[in-house]
*Asks:* 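I'd like to ask some things about the structure below.
Sequence positions, counted from 1, serve as the residue numbers for this chain.
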Amino acid sequence: MRYDLVIFDNDGVLVDSEPISNTLLAGYLTELGHPTSYEESVRDYMGSAMHRIHELVEERTGERLPVDFDETFHARVFAAFQRELEAVSGAAEVLKGLADAGVPYCVASSGSHERIRVGHRKTGLDAWFRDENIFSAEDVGRGKPEPDLFLYAASRMGMAPERCVVVEDSRLGVQAAVAAGMDVYGFTAMSPEEKLAGATGFFGRMDELPATLGL
């Protein structure tokens, strides 16, 4: 293993949540008078923290989203998660392989701690995570594409950034990892390689990740 720590994004990498959340986000923004298609939601917001949604909407329209936007959106997302969320195929096997090999890993997500845990409980991935290796954009001042979250996760896990590798599926996440000085492998299940420019390499199925990382 050529890395000391594997840092996973969560949405779209460990849990198959991006189609659910972007469908709901596009619908809610449209409902509020900001017409947004599913494709536009994926393009503009996939991988971003909630504050970026507020910032982009205000920048583009001059209007602020309602003060209860986050609460309402998360309630809709969590209800949908309970109905239909599944783990990304092969994710549990990859985590088990890392654990069995004694390779440290963690999750660093733009989503809230509650969102991460709701998804992990629903999919059974909570068996592979403890509070000590779950990190959220809530823990830092700036979310992706800034490097803060990945640098914070590496620091808390006691690892040097250059010895860490990030597994990402969003343009913002790849940018954040590069800015943090980390290698990053782009998961192309939802995002084509051209959308993940700057990644160290790419893989299309989760069962390809161990070999990609040199396990």
*Asks:* Would you confirm whether Glu138, through its side chain, and His113, through its main-chain N or O, come within 3.5 Å as a donor-acceptor pair?
*Replies:*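 A pair under 3.5 Å: yes.
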*Asks:* Taking side chain as C-beta onward, heavy atoms only, is Asp4 less than 4.5 Å from Pro104?
*Replies:*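 With C-beta onward as the side chain, the pair stays apart.
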*Asks:* Taking atom CG of Asn22 and atom OH of Tyr45, what is their separation to the nearest 0.5 Å?
*Replies:*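 The distance works out to 10.5 Å.
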*Asks:* Determine whether Val13 and Val88 make a side-chain contact, defined as any pair of heavy atoms from C-beta on separated by less than 4.5 Å.
*Replies:*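 No, their side chains stay 4.5 Å or more apart.
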*Asks:* Can any side-chain N or O of Ser155 pair as donor or acceptor with the backbone N or O of Leu151 at less than 3.5 Å?
*Replies:*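 Between the backbone of Leu151 and the side chain of Ser155 there is no qualifying donor-acceptor contact (under 3.5 Å).
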*Asks:* Rounded at 0.5 Å granularity, tell me how far CG in Asn10 sits from OG in Ser136.
*Replies:*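 Taking CG in Asn10 and OG in Ser136, the distance rounds to 10.0 Å.
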*Asks:* Let's go through Phe202 and Tyr185 carefully: what are the C-alpha distance in whole Å and the side-chain angles of both, what is the deciding distance for ring-ring contact (aromatic ring centres under 6.0 Å, His included) to 0.1 Å, and is it a yes or a no?
*Replies:* CA-CA 5 Å; Phe202 305 94; Tyr185 285 89; 8.5 Å; no
*Asks:* Is it the case that atom CZ in Arg64 sees more than 12 heavy atoms from other parts of the structure closer than 6.0 Å?
*Replies:*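 Not buried by this count: 12 neighbours or fewer within 6.0 Å.
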*Asks:* Is it true that the side chains of Ser21 and Arg115 contain a donor and an acceptor less than 3.5 Å apart?
*Replies:*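 Side chains of Ser21 and Arg115: pair found under 3.5 Å.
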*Asks:* Say you draw a straight line from CG of Leu14 to CE of Met206; how long is it, rounded to the nearest 0.5 Å?
*Replies:*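 Going from the CG atom of Leu14 to the CE atom of Met206 covers 6.5 Å.
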*Asks:* Examine distances only and state if a side-chain atom of Arg117 and a backbone atom of Asp126 form a donor-acceptor pair shorter than 3.5 Å.
*Replies:*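 Absent.
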*Asks:* Name all pairs fulfilling the side-chain hydrogen bond (donor to acceptor under 3.5 Å, both in side chains) condition that reach into residues 188-200, sequence neighbours left out, sorted by first residue then second.
*Replies:*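 Checked against side-chain hydrogen bond (donor to acceptor under 3.5 Å, both in side chains) - neighbours excluded - no pair reaches residues 188-200.
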*Asks:* Checking Gln82 against Val118 for the side-chain contact (heavy atoms from CB on, under 4.5 Å) test, could you report, in this order, the C-alpha distance in whole Å, the side-chain angles of both residues, the deciding distance, and whether it holds?
*Replies:* CA-CA 8 Å; Gln82 292 300 331; Val118 167; 3.8 Å; yes
*Asks:* Is the closest side-chain donor-acceptor distance between His54 and Asp70 under 3.5 Å?
*Replies:*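 The criterion, which ignores hydrogens and geometry beyond distance, is satisfied for Asp70 and His54.
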*Asks:* Measuring from atom OG1 of Thr123 to atom CZ of Phe81, what distance do you get when rounded to the nearest 0.5 angstrom?
*Replies:*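 It is 9.5 Å, given to the nearest 0.5 Å.
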*Asks:* Closest approach of Leu32 and Pro66, non-hydrogen atoms and distance?
*Replies:*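 Looks like CD1-CD, 3.8 Å.
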*Asks:* Any salt bridge linking Lys144 with Asp9? Criterion: basic side-chain nitrogen under 4.0 Å from a carboxylate oxygen.
*Replies:*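 Here Lys144 pairs with Asp9 in a salt bridge, since their nearest N and O are under 4.0 Å apart.
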*Asks:* Are there more than 12 heavy atoms of other residues, nucleotides or ligands under 6.0 Å from atom CZ of Arg156?
*Replies:*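 Count not over threshold, so no.
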*Asks:* In this structure, are over 12 heavy atoms from other groups packed under 6.0 Å from Glu86 atom CD?
*Replies:*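 Open: at most 12 neighbouring heavy atoms sit under 6.0 Å from CD of Glu86.
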*Asks:* At what distance, to the nearest 0.5 angstrom, does CG of Leu125 lie from CG of Leu95?
*Replies:*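 Atom-to-atom, Leu125:CG and Leu95:CG are 6.0 Å apart.
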*Asks:* Taking only residues at least two apart or on different chains, which pairs with a member in residues 28-40 satisfy salt bridge (Lys or Arg N to Asp or Glu O under 4.0 Å)?
*Replies:*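 Only Glu31-Arg76 qualify under salt bridge (Lys or Arg N to Asp or Glu O under 4.0 Å).
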*Asks:* Might you work through the ring-ring contact (aromatic ring centres under 6.0 Å, His included) test for Phe150 and Phe135, ending with a clear yes or no?
*Replies:* CA-CA 9 Å; Phe150 290 140; Phe135 305 103; over 10 Å; no
*Asks:* Mind checking the CG-CZ spacing from Leu213 to Arg2? Nearest 0.5 Å is all I need.
*Replies:*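 Rounded to the nearest 0.5 Å, the CG-CZ separation comes to 6.5 Å.
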